[in-house]
Amino acid sequence: MPAFLDVVPPALSKLRADALVRELDVGLDVGICLACLSFVSSAIDGGDPREIAREVRRMTPDLWHEGLAEPSWTAIRRAVERGVPDAEAALRDLELNGGRSAIARSIVHRLAVELSERVHRDLRLEARAREALGRTTPELN
């Protein structure tokens with residue numbers, strides 16, 4: 001067999017991994033530590049791409065081992081069954097790199113974006129509720 005056939009395919013690029021993750025059924029309800037994920041979402045809120053990448057790389061292995069692995073494997077296997085582009089490459093990436101794979105980092109990034117959006121939405125709702133409450137008159141008991 002020619003030597004070039006023994007070469008392990010490169011990991012998914014960030015762009016391809018991010019595109020695939022949009023097709024996966026993995027959400028904040030997977031049971032991971034939201035406090036841990038908040039390190040990544042805080043970096044996202046800060047907007048510095050280098051800090052975001054650093055926090056994603058730092059937190060992904062921990063989140064992976066603390067509960068993200070199983071739902072991610074399941075979601076990617078389902079994507080393979082549905083014929084989603086790059087799902088098979090993502091599966092190989094997970095087999096080779098687990099919580100340090102490009103697909104795992106993309107999943108964590110997406111979940112952190114969802115957490116950030118949820119927090120900001122909840123804060124806006126709370127502010128509106130407080131504003132509306134301030135316009136009411138207190139009841140006398």
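Counting from 1, the numbers follow the sequence of the chain as shown. Given the structure is predicted, the values throughout are model-derived calculations rather than measurements.
Put simply, the side chain of Ser42 gets close to the backbone of Ser38: a donor and an acceptor are under 3.5 Å apart. Remark: side-chain polar atoms of Ser72 are paired, donor with acceptor, to backbone N or O of Leu68 under 3.5 angstrom. Proximity of a side-chain donor or acceptor of Arg105 to a complementary backbone N or O of Arg100 within less than 3.5 Å is detected. Asp93 places a side-chain N or O within donor-acceptor distance of the main-chain N or O of Ala102, the cut-off being under 3.5 Å.
Around the CZ atom of Arg50, the shell of radius 6.0 Å holds no more than 12 heavy atoms that belong to other residues, nucleotides or ligands. By the neighbour-count criterion of 12 heavy atoms within 6.0 Å, atom CD of Glu88 is sparsely surrounded, having that number or fewer from other residues, nucleotides or ligands.
Taking 4.0 Å as the cut-off between side-chain N and carboxylate O, Arg22 and Asp18 do not count as a salt-bridged pair. Salt bridge status for Glu95 with Arg92: absent, with no side-chain N to carboxylate O gap under 4.0 Å.
Taking CG of Leu24 as the reference point, atom CD1 of Ile103 lies at 5.5 Å (rounded to 0.5 Å). To the nearest 0.5 Å, the span separating NE2 on His120 from CG on Asp45 amounts to 3.5 Å. The distance from the CD1 atom of Ile44 to the OG atom of Ser116 is 6.5 Å, given to the nearest 0.5 Å.
A continuous path of hydrophobic side-chain contacts links Leu123 to Leu37 [ILVMFWY only; heavy atoms under 4.5 Å]. Leu15 and Ile52 sit in two unconnected hydrophobic clusters of ILVMFWY residues. Membership requires side-chain heavy atoms under 4.5 Å apart, directly or through other members.
Taking the side chain as every heavy atom from C-beta outward, Met59 and Cys36 approach each other to under 4.5 Å. Within the 4.5 Å cutoff, the side chain of Ile32 has no heavy atoms near those of the Trp64 side chain.
Looking at every heavy atom in both residues, Val40 comes nearest to Glu55 through CG2-O, 3.7 Å. Val21 and Ser106 get closest at one heavy-atom pair: CG2-CB, 3.5 Å. Listed here is the closest heavy atom pair of Ile76 and Ala87: CG2-O, 3.7 Å. Looking at every heavy atom in both residues, Asp25 comes nearest to Arg78 through OD2-NH1, 4.5 Å. Contact between Pro49 and Gly47 at its shortest, heavy atoms only, is CD-O, 3.1 Å. Here the closest non-hydrogen pair linking Ser41 and Ala112 is CB-O, 3.3 Å.
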